[in-house]
**Student:** 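Just dropping this structure here.
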Amino acid sequence: MKEILLQRDGREGLWRIRADDKQKLLRLLFHRYPEREWGTFFRFGFRRTAWGILLAYVDMLVPEPGDLDRRSGIVEFRPGYIQRALTSFDDHPLGIGMIHSHPEGCGVLPSMTDDDMDSYFSEEFERFSAGRPYASIIVAKNEDGELRFSGRLFDRGEWFELTTALTVGAELLREQSATGRRFTTRGEETANGRILERVAQLLGPQTPQKLRNAAVGVVGASGTGSPALNVLARSRIGKIVVVDPGQAKDSNHQRNLAMRFSDLNAGPKPYKVALARRMIEEINPEVGVRSFVGDVLDDMVLDELLRCDVVLGCSDSNYARAALGDIAAQYLVPVIDLAVQMRAEEGVLREQLSEIAYYAPGSPCPWCCNRVTAGAIRYETSTEGEREFMANAAAEAERRGVDGAQYWGGTPPPELTVGYLTTMLGAMGAGYAQTLILGAGTIPHQRFQFDVGLPSFALAEDVREPNKECSCQRLIGWADQAKADRSVSKPAHWPSPFEIP
Ligand SMILES: [Zn+2]
Ligand SMILES: [Zn+2]
């Protein structure tokens, strides 16, 4: 018999799963409840991060008749089922874990039998999979019928705790392991507690706690990003991850809510995330902020975005939109993507468009929605030299009488937006993020546009069917194991990211 000791070195596991997959899984696990246990092997995508391991649920290796011992009250995996799991490692790059239920009143602490099973599986699975991590999860219900879980991960010779479960569906659910550290803080009687008094009256007494436990990522910290951050800081969201590679320009002042008049005279110009951080801390110093001068394509940034309940896309570039689509599908991180477009003719506004898209795992990605193009991504990720080379190649092709667009689609016009529209849309995005976290509502359409200058705002829903061949459908939850199918990787000439403390 082996006792399993968990490492307490700060490494932790985080488990993400889609709501409909979770429902299917729990139906199977609890079908002999309340007296008897049941279990299954499952496949997961994973990523080793700076803080531990992200585990994204893919599917069950559904137990077939004879795979588990039905006569036993506890879950017993028969050799044939174990063999099937072991040989499947040759067919996919994913990890395999085990999940089982405990009978009513037994809690979710691993039993001695569980320790034996996990010792055996972790060693066998590691050997057969050439070093992929192993996960073991236990679920049960408490006296009130609420779901509880505990979990542990084995990776490179060490066991550590699976502390957090994030369920992604119409509602975003964050749950802590029943055996883990407790994050719940009691007492809202401080002055700060009164900040959310009215919000709690509107949406229920759980609201402040849910917001405090949540984390939101914001990619892009200027026009739509800064108002989103302002709203999030005021809502007392517990943690914010903000990412932007750029420095502020004077022309940003009219739409960047984090910028002061005195910043205009600053030289060198401050980083946008430094301004965002200053604004957040002035509004609410209790928010835990991680601010990165970097990009959604950077590994250290991705590590932190993966811990967020939801990510707001506020950068309005093709490559970032494509990358966020990959993150949504492959890591099960839902993304609310925001974009504005304004156009005028001779001083008269013709377009004041806003777009909101919700990229959740399983829904059509930006490629399936025709929202990004390879040409635009190529332009955004090229060096000046490459752009010149492509433009010359296009001109040369035109001279030969061939369409040059395959080499060069032309330089995109500068983005002209005004602060009132970006502020409105950024605030809306932050509002939807909170709505999803609180389970207080949903985003009305997967993707929609409206124009504030037109009757009834000319609201238009964009309904798309996902392309079944697209990686957003084939590789849901494959995490780092889907790397070869990423839309875009970081160009070598882009600078290294760093964090502003
Ligand atoms: Zn057990
Ligand atoms: Zn797709």
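Order of appearance sets the numbers: ligands from 1, and atoms from 1 within every ligand. By convention here, the first residue in the shown sequence is residue 1.
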**Student:** Applying ring-ring contact (aromatic ring centres under 6.0 Å, His included), name anything that partners Trp494, two or more places apart in sequence or on another chain.
**Tutor:** Tyr319
**Student:** Could you tell me the separation between the CG atom of Leu436 and the CG atom of Leu172, rounded to the nearest 0.5 Å?
**Tutor:**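 Reported value, rounded in 0.5 Å steps: 5.0 Å.
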**Student:** Thinking salt bridges, do Arg486 and Asp480 make one under a 4.0 Å N-O criterion?
**Tutor:**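 Result for this pair is yes, salt bridge flagged.
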**Student:** How wide is the angle at the Zn ion (ligand 1) between OD1 in Asp114 and NE2 in His100, to the nearest 10°?
**Tutor:** 90°
**Student:** Ignoring hydrogens and geometry, is there a side-chain-to-backbone donor-acceptor pair from Arg43 to Val58 under 3.5 Å?
**Tutor:**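 No; judged by distance alone, with no hydrogens or angles, the pair does not exist.
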**Student:** Side chains of Tyr81 and Thr40: do they bring a donor and an acceptor to under 3.5 Å?
**Tutor:**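 Thr40 and Tyr81 do have a side-chain donor-acceptor pair below 3.5 Å.
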**Student:** Determine yes or no for a side-chain-to-main-chain donor-acceptor pair under 3.5 angstrom, with Trp51 supplying the side chain and Asp303 the backbone.
**Tutor:**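 Yes; judged by distance alone, with no hydrogens or angles, the pair exists.
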**Student:** What protein N/O/S atoms are there under 2.8 Å from the Zn ion (ligand 2), waters excluded?
**Tutor:** Cys365 SG, Cys368 SG, Cys470 SG, Cys472 SG
